[in-house]
> 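Before I ask anything, here is the structure I am working with.
Below, chain A is the first sequence line, B the second, and so on; all start at residue 1.
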Protein chains: 2
Amino acid sequence: MARKSLVVEVADSVLDRIVSGELSVDELIPGELELCETLEVSRMTVREAIKTLAAQNIIRVERGRGTYVNPVNMWNSLEAVVRATTAGVGAAAAAVQLIELRRMLETGACELAASRITEEQLAAMGELLEAMRAAHAAADLDGFVEADLEFHDVILRASGNVFVSALYEPLGRVLSSRRRETSAFAQIQQHAIAEHEHILVALQRRDSSQARQAMDNHMQQTLDDLNTFVLNR
Amino acid sequence: MARKSLVVEVADSVLDRIVSGELSVDELIPGELELCETLEVSRMTVREAIKTLAAQNIIRVERGRGTYVNPVNMWNSLEAVVRATTAGVGAAAAAVQLIELRRMLETGACELAASRITEEQLAAMGELLEAMRAAHAAADLDGFVEADLEFHDVILRASGNVFVSALYEPLGRVLSSRRRETSAFAQIQQHAIAEHEHILVALQRRDSSQARQAMDNHMQQTLDDLNTFVLNR
DNA sequence: CATAGGTAAGATGTCAGACATCTGTCATGA
DNA sequence: TCATGACAGATGTCTGACATCTTACCTATG
């Protein structure tokens, strides 16, 4: 992996202090000159870093006054919100909330997709399901995860709603790093394959409520599997 | 309103060119020096502006190569996605898709809120509904819009899911600018009050599926009202 | 003693010029 | 024909400077 730029490092450093609670909501963050000295970088580097956090609404810059931390619900970066939430309520509770959010978007997208999906997309889903089965049989974790994610992605695109895809994208990036962790269990893979079969059938029938229900069942299964296999509770 | 900084103006200028289609996905955007000359600002100002777009994943910067436009679904800024989508499919289709997205999040949040909402929050919702009625009677549009938005906000917070609030925040900001447009119709206000009553009753009963259904009905009513009163179709 | 105005200090906004490093392309030599 | 090196164009980072906004403190006047 390429080495991170100093701008990114400075931005991460400030975000770490916010996420850890060292800097609280509405608290003044250290000024440009102080961050220069502390982090041993130029003022221009600090300014660029600060601007990237401001662009994500994590902080707000007030000319002549200072730079303040925004409330978490103002933040535009889901990654940053996940970091803050995980630090606040713990990884387990954060993971559960992420699945709750995912459930809302995926069941809604599935419902819309039922009446909008094309034959090509249905065919692609069939192939992806077959690829999941093959990867499962071959104990190919990477292959399984890739096909699983792509299956859901087709549904999102079939929803015909640009905003759902846009909002799901950061969620997908957050989830994909832990997808390998859960899909490593063969039984979870079997659950996923079975639920995907139901989803595909409902989409083939172009039955909106059945599609939504099938995806809802899948999300419930995913939540159950998370609790049983990963969180052990 | 305070005058925008040059950094913000440069960022907006580049985003305008992307959103308008003048710069397409994966296309190289003008380099730092070219933007300096074109926009008559310093290279540092251009760099800061570029960094803010990169922070929102609208563009990606590759050292030694150049800066490229990312696909819209990679963008982290809902405002930017809305601009691009509106430019692409038109304001009407974009508005419809936003309500589809809103429906997913609000019905999901309402379902969770049914079992998690506190007595204080229920009381607050009752007061907000009363405020809506009063504002409606007094033909107070601003008061009505404020109470309406706050009513929904209580539900989001009652969902107990930080991520739903985080994702809804930009959506709420996008919607609030056009809420005054739709709430200007007295009949739409009446529809909203009636649907909010059903929602509150279902939440008071702590009935998850009834709460979700009531919110779903509200979103459908909102979509119908949008089509009937605003889009005229 | 209180209020208002002015000044200064501290904060961010913007600039110009310089050098470092990465990437890609082209030319030359083997 | 292929490989290597050099150069040009791109971004990364820095230093030093000046502009402008905000706030706080001090002084003067009523």
> May I ask you to say whether A:R83 pairs ionically with A:E79, meaning some side-chain N is under 4.0 Å from a carboxylate O?
no

> Using atom CD of B:E48 as one end and atom P of C:dT12 as the other, report the distance to the nearest whole Å.
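So the CD-P distance, B:E48 to C:dT12, works out to 12 Å.
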
> Return the value, rounded to whole Å, for the distance between atom CD1 of B:I59 and atom C1' of D:dT11.
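So the two atoms are 12 Å apart, to the nearest Å.
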
> Whole Å only: how far is the CG atom of B:L35 from the P atom of D:dA10?
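It works out to 11 Å between those atoms.
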
> Is the backbone of A:L6 close enough, under 3.5 Å, to the side chain of A:E9 for a donor and an acceptor to pair up by distance?
no

> Starting at atom CZ of A:R43, determine the distance to atom P of C:dC15, rounded to an integer number of angstrom.
13 Å

> In whole Å, what is the span from the CZ atom of B:R47 to the P atom of C:dA20?
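Atom-to-atom, B:R47 to C:dA20, this comes out as 16 Å.
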
> Counting just side-chain N and O atoms, does A:K51 come under 4.0 Å of either OP1 or OP2 of C:dT12?
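Checking C:dT12 against A:K51, no side-chain N or O comes under 4.0 Å of OP1 or OP2.
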
> Report yes if a side-chain nitrogen or oxygen of A:R63 is closer than 4.0 Å to either non-bridging phosphate oxygen (OP1 or OP2) of D:dT22; otherwise report no.
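Answer no for this pair, as no side-chain N or O of A:R63 is under 4.0 Å from OP1 or OP2.
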
> Nearest to the side chain of A:L6, heavy atoms from C-beta on, is which of C:dG13, D:dT13, D:dT11?
D:dT13

> Is there a side chain to side chain contact (heavy atoms under 4.5 Å, CB included) between B:E100 and A:F163? Walk through the geometry before answering.
CA-CA 9 Å; B:E100 286 176 354; A:F163 302 118; over 6 Å; no

> Would you tell me if any nitrogen or oxygen in the side chain of B:T67 comes within less than 4.0 Å of OP1 or OP2 on D:dA10?
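Answer is no, no contact under 4.0 Å.
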
> For B:H218 and B:H152, take the angle between the two ring planes, folded into 0 to 90°, and tell me which bin it lands in: parallel under 30, tilted 30 to 60, perpendicular over 60.
parallel

> Taking for each residue the nucleotide of DNA chain D with the nearest heavy atom, is it B:P30 or B:M44 whose nucleotide lies nearer the 5' end?
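In this pair, the answer is B:P30.
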
> Is B:S5 near enough to C:dT12 that one of its side-chain N or O atoms lies under 4.0 angstrom from OP1 or OP2?
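B:S5 to C:dT12 OP1/OP2: no side-chain N or O under 4.0 Å.
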
> Find the distance B:E62:CD to C:dT23:P and express it as a whole number of Å.
9 Å

> Between D:dG9 atom P and B:L28 atom CG, what is the distance in whole Å?
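Distance check: B:L28 CG to D:dG9 P gives 14 Å.
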
> Is it true that B:R17 and B:D12 make a salt bridge, defined as a side-chain N closer than 4.0 Å to a carboxylate O?
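Not counted as a salt bridge, because no side-chain N and carboxylate O are separated by less than 4.0 Å.
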
> Quick one: A:R65 CZ to C:dG13 P, roughly how many Å, whole number?
13 Å

> Between A:S42 and B:L33, just flag the one whose closest nucleotide in DNA chain D comes earlier from the 5' side.
B:L33

